[in-house]
Enquirer: 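What follows is a single structure, and I will ask about it in a moment.
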Amino acid sequence: MIPPGTPGARTVTPADAPAPALRLPRRRGTEFGLIVLAVLLSVYGYCAVGLARHGTLPPGALRYGAGLGALALLAHCAVRLRAPYADPLLLPIAVLLNGVGLVLIYRLDLETPSHRAAPTQLAWSTLGVALFIAVVLLLRHHRVLQRYTYLCGGAALALLTLPIFFPAVNGARIWLRVAGFSIQPGEFAKLLLALFYAGYLAANRQALAFTGRKVWRLQLPTGRVLGPVVAIWLLSVGVLVLERDLGTSLLFFGLFVVLLYVATGRTGWIAVGLLLAMVGAFAVGRLEPHVHARVEDWLHPFASIEAGQGAGQLAQSLFAFAAGGALGTGLGLGHSVLIGFAVKSDFILATAGEELGFTGLCALFLLYALLVERGYRAGLALRDPFGRLLAVGLASIVALQVFVIAGGVTGLIPLTGMAMPFLAQGGSSLVTNWIIVALLTRISDSARSQYDRTAAP
Amino acid sequence: MSRYIRRAAALCAVLLIALLANATRVQILESARYEDNPANRRQMIARYGSPRGDILVDGRPVTGSRDTGGMFRHTRTYTDGPLYAPVTGFASQVYGTTLLEHTEDALLSGTDPLLDPFPLWNGVLRKRIPGGHVVTTLNGAAQRAAYQGLAGRAGAVAAVEPTTGRILALVSTPSYDPGELSGTSPSVARAWKKLNGDAARPMLDRAIRQTYPPGSTFKVVTAAAALEAGVVTDLDAPTDSPDPYRLPGTTTELANETEGCEDASLRYAFTWSCNTVFAKLGGEVGLQTMTGTAANFGFNERRLRVPFAVAPSTFDPKLDASQLALSSIGQFETRATPLQMAMVAATVACGGDVKAPYLVERTTTKDGETVATATPRTLHRAMSAATAEQLREMMTDVVQEGTGRNAAIPGARVGGKTGTAQHGVDNSGKPYAWFISWAQADDALEPAVAVAVVVEDAGRQGEVSGGGDAAPIAKAVMEAVLNSRPHGRG
């Protein structure tokens with residue numbers, strides 16, 4: 001930015017000052033336009049559901065649309081105010097995904113009139129956007145967070161440990177139930193863990209990469225450096241095995257390996273990671289009946305049908321995707337409710353696959369891909385290692401989570417219970433993802449504004 | 001560090017490609033396989049998502065549809081369930097479909113490609129084509145007359161139009177209400193269990209799926225064979241047959257129910273149903289010719305469909321002389337469905353051609369546009385027109401002065417043949433009463449109807465006879481057809 005009134009701003013020669021063309025466009029207008037588009041698409045979705053099911057516009061369409069629009073506008077204003085250089089795609093993508101999620105849940109509510117989830121989801125969306133605004137307004141720079149590296153690590157562990165003291169729900173001990181609210185602390189823990197990894201690895205990456213003994217072709221870092229990071233990782237995974245939430249466990253593992261690799265650049269870490277993953281997966285698959293059943297179900301999704309017990313959840317999910325075909329049945333016209341339990345949470349993608357078809361599914365995947373790519377891009381543009389690692393970590397959380405759950409419900413990998421970011425029913429996940437987008441917004445603002453500062457004389 | 005971030009990003013791209021490739025596999029490449037999986041209820045949901053087309057008798061639907069609002073939304077209803085059950089069959093969400101509901105299912109449920117004028121376009125739009133209607137050949141009055149004539153006794157009636165093969169009535173009693181099997185409520189399972197456990201077998205379609213020994217009605221076939229083979233050339237000449245007749249190679253003596261059968265003429269023997277004369281004639285005609293004539297009438301035909309499959313009627317081609325004698329009077333291994341015997345009567349009535357019986361006049365779209373129309377066709381030529389005329393004479397005699405007087409109708413020429421069929425171990429069962437006949441109005445050029453009646457537990461008054469128990473039912477059916485003739489096929 002060229003401060004107004006700078007003498008000679010118009011007369012500098014190209015030799016002693018950067019060309020005005022280097023001034024980065026802020027693109028806030030683009031963001032606004034895309035947000036309007038995202039809200040309109042969601043309202044269109046509501047209308048399509050209503051027309052398909054009852055032949056009339058649904059009474060809630062305006063309310064949901066206005067609510068989503070108001071939230072998005074507030075968030076947009078916060079970005080304009082405090083993060084003017086932020087990537088203009090991040091917020092619209094989040095709004096669109098959240099909007100599509102609300103439409104899908106609203107649509108599934110029609111099949112389960114006694115159990116409506118859309119109003120709750122809208123309330124959580126409100127909280128999510130409020131936290132997004134709070135982060136954008138209050139967090140002046142992402143580097144501030146590096147101070148709280150160990151606090152984040154400790155908090156993550158505490159959050160992961162908490163549910164052990166609460167009763168298990170559907171076989172997984174991952175819930176806190178307080179005064180009618182259920183919270184999944186693991187969702188917040190993954191954010192805190194990313195902060196811890198980024199902070200710790202940023203501080204110790206040189207030591208990790210270049211010290212320690214060399215064993216064969218692998219250079220092992222000293223225990224003093226590697227110790228804390230492995231310890232916290234082992235603890236988190238151990239807690240997860242106890243709580244039987246293997247999706248999150250897989251996510252933590254992937255996040256750990258990716259960040260370690262990015263921090264140190266040592267390909268050996270990927271090899272060790274893959275090896276450990278395979279050993280772990282094999283051991284858990286053999287020893288833990290819950291997981292063993294999942295693996296069996298993945299290998300033979302139709303076994304229960306051949307045994308005469310009807311279609312299992314994964315088979316029903318595959319049926320739903322297949323029924324969608326290339327173009328989908330249209331919103332409101334599918335039968336993904338046959339999946340039964342968890343159709344609004346873990347299996348929400350099956351509804352998208354059936355009613356929006358392969359086309360709609362690709363669009364969703366590409367939206368996630370764009371979000372992840374923008375995160376990575378912000379990381380590439382930054383100069384401080386903490387910011388880079390944090391951006392990569394946050395983007396990787398989204399990428400891994402989408403892959404694990406989408407791969408699970410489409411039969412690519414064994415099914416693990418996880419929430420599709422922004423789409424699935426579930427407050428903790430939604431709020432966490434809004435914070436992730438807020439942090440990415442903040443980071444992208446830093447990344448792009450730093451160029452602008454160098455451009456100014 | 002940038003290099004490693006790019007590599008990590010590339011890894012994410014690989015994961016994305018894996019997801020997209022797998023989604024292509026599930027949603028595009030293998031979607032048909034998943035959709036056809038029997039555990040996938042979507043096809044069922046779609047199938048019952050819109051009302052099923054109707055089956056029409058006399059232009060009015062005898063079926064209907066009820067919207068339950070449930071997952072398998074529209075269930076089948078029947079206006080006269082037990083009356084038309086041997087034709088419609090049932091359409092059940094749980095137990096599938098039978099008879100017309102089964103063979104015409106694609107049309108009724110709207111999946112028949114013939115219903116879709118723009119298959120590719122509607123396929124893209126996933127447009128559901130409404131089910132079409134099936135217009136039957138049935139004559140409602142004849143169907144009702146047959147059902148009421150049986151009056152709850154076990155039995156069956158089949159009536160056809162001799163010149164075309166159109167089936168005018170198809171009745172089986174005791175019957176059941178197919179509407180009890182519609183839907184998914186627990187009462188459906190209870191009804192299914194009860195109907196299957198019923199000793200009276202109400203779901204058995206006796207008119208087409210049950211074969212009976214045809215008894216003396218089979219003498220029409222034997223007489224045709226004798227006349228065609230030249231064994232008998234003069235209807236009124238004595239046949240040189242003893243009474244009683246000892247079955248060849250045995251000591252068993254075959255007797256008659258009536259007097260005057262010794263050396264009787266073919267006409268007399270036919271009119272009064274002399275077993276001895278026909279047992280002997282069968283032997284004289286010979287096994288090969290008898291088998292050939294029976295086959296020409298439609299016996300031993302395994303592929304007859306109307307459009308649902310009809311149980312094959314049988315005339316055993318491997319018999320010794322005594323067995324041939326018994327088979328020639330419709331006993332031993334000879335078995336026939338009521339529909340087959342109606343075809344025998346029709347063949348005589350219309351001059352020797354066996355017309356293929358059919359039940360579906362035409363099929364239409366929901367809006368009544370014709371999709372397909374039936375065309376009458378000839379299965380075989382069973383005998384010459386001259387032989388047919390001789391048989392017409394003899395059958396007319398049966399009604400005018402013989403055992404079938406109960407079938408006479410004023411103002412019409414009626415030909416018939418009675419039968420009582422022994423069955424069971426050593427003929428211990430109560431005999432079945434048979435009557436086959438045809439009728440032609442005096443002012444008509446062609447016969448209007450041929451009918452076969454079998455009554456299983458006939459003879460409550462003691463004596464069992466085709467003329468006493470079955471002929472009045474046949475008469476009622478023929479009258480119903482003759483009376484509705486001016487309105488015709490509509």
Side-chain angles (χ1 to χ4, degrees), chain A residues 205 258-259 261-267 270 302 304-305 310-312 315-316 318-330 333-335 338 353-354 357-358 361-362 365-366 368-369 372-373 375-377 379-380 385 388-389 391-392 395-396 399-400 402-403 406-407 410-413, chain B residues 1-50 67 69-74 93-94 119-128 184:
Chain A
R205 65 191 192 96
V258 167
L259 285 182
Y261 170 73
V262 170
T264 61
R266 303 278 293 277
T267 326
I270 293 184
F302 299 140
S304 66
I305 296 170
Q316 287 286 15
L318 289 173
F319 289 162
F321 279 105
L327 296 175
T329 58
L333 298 174
H335 301 286
L338 290 171
E354 178 165 9
F358 178 68
L361 198 64
C362 284
F365 283 156
L366 291 178
Y368 285 115
V372 172
E373 188 261 345
Y376 272 92
R377 176 172 291 204
L380 275 173
R388 305 190 105 186
L389 286 171
V392 169
S396 301
L400 289 170
V402 168
F403 178 75
T410 57
L412 180 62
I413 57 170
Chain B
M1 204 191 267
S2 297
R3 206 166 86 203
Y4 311 129
I5 294 179
R6 288 206 177 87
R7 282 188 189 160
L11 174 74
C12 290
V14 169
L15 295 184
L16 174 72
I17 289 166
L19 280 182
L20 289 175
N22 186 55
T24 313
R25 175 185 72 85
V26 173
Q27 297 203 271
I28 312 287
L29 301 178
E30 294 186 14
S31 67
R33 191 167 65 87
Y34 288 125
E35 276 172 49
D36 290 339
N37 191 301
N40 192 346
R41 286 190 277 172
R42 281 173 181 75
Q43 287 193 353
M44 280 278 283
I45 292 170
R47 175 188 169 83
Y48 293 103
S50 52
D67 187 351
M71 184 180 271
F72 303 132
R73 219 175 130 170
H74 297 272
Q93 273 91 330
V94 187
L120 280 177
W121 180 238
N122 287 332
V124 170
L125 293 183
R126 299 199 176 212
K127 190 176 164 197
R128 186 95 193 152
T184 50

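Because only heavy atoms are used, hydrogens play no part in the values below, and waters and symmetry mates are left out as well, while side chains stay in. First the proteins, then the strands, lettered A, B, ... as listed; each starts at 1. Here the structure is a predicted model, which is why all the values come from computation and not from measurement.
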Enquirer: Tell me, for A:R377 versus chain B, whether the close heavy atoms (under 4.5 Å) come from the side chain, the backbone, both or neither.
Expert: neither

Enquirer: Under 4.5 Å heavy-atom distance to chain B, tell me which part of A:A406 shows up: side chain, backbone, both or neither.
Expert: both

Enquirer: Of all of A:T267, A:L400, A:L338, which one pairs up most often with chain B through heavy atoms under 4.5 Å apart?
Expert: A:L338

Enquirer: Can you pull out the residues in residues 42-49 of chain B with any heavy atom less than 4.5 Å from chain A?
Expert: B:R42, B:I45

Enquirer: Which answer fits A:V262, side chain, backbone, both or neither, if we ask what part of it has an atom under 4.5 Å from a heavy atom of chain B?
Expert: both

Enquirer: Ring pair (Phe, Tyr, Trp, His ring centres under 6.0 Å) with B:Y34: which residues, sequence neighbours excluded?
Expert: A:F302

Enquirer: CG of A:L361 to CG of B:L19: how many Å apart, nearest 0.5 Å?
Expert: 8.5 Å

Enquirer: Relative to chain A, which of B:R25, B:R3, B:M1 shows the most heavy atom pairs under 4.5 Å?
Expert: B:M1

Enquirer: For the pair B:N37 (side chain) and A:F319 (backbone), establish whether a donor and an acceptor sit closer than 3.5 Å, ignoring hydrogens and angles.
Expert: no

Enquirer: Main chain of A:G353, side chain of B:Q27: is a donor-acceptor contact present, judged purely on distance under 3.5 Å?
Expert: yes

Enquirer: Out of curiosity, B:L15 CG to A:Y368 OH, how far, rounded to the nearest 0.5 Å?
Expert: 15.0 Å

Enquirer: Counting only heavy atoms closer than 4.5 Å, note whether B:A13 contacts chain A via side chain, backbone, both or neither.
Expert: neither

Enquirer: Could you tell me which portion of A:A320 (side chain, backbone, both or neither) has an atom closer than 4.5 angstrom to a non-hydrogen atom of chain B?
Expert: both

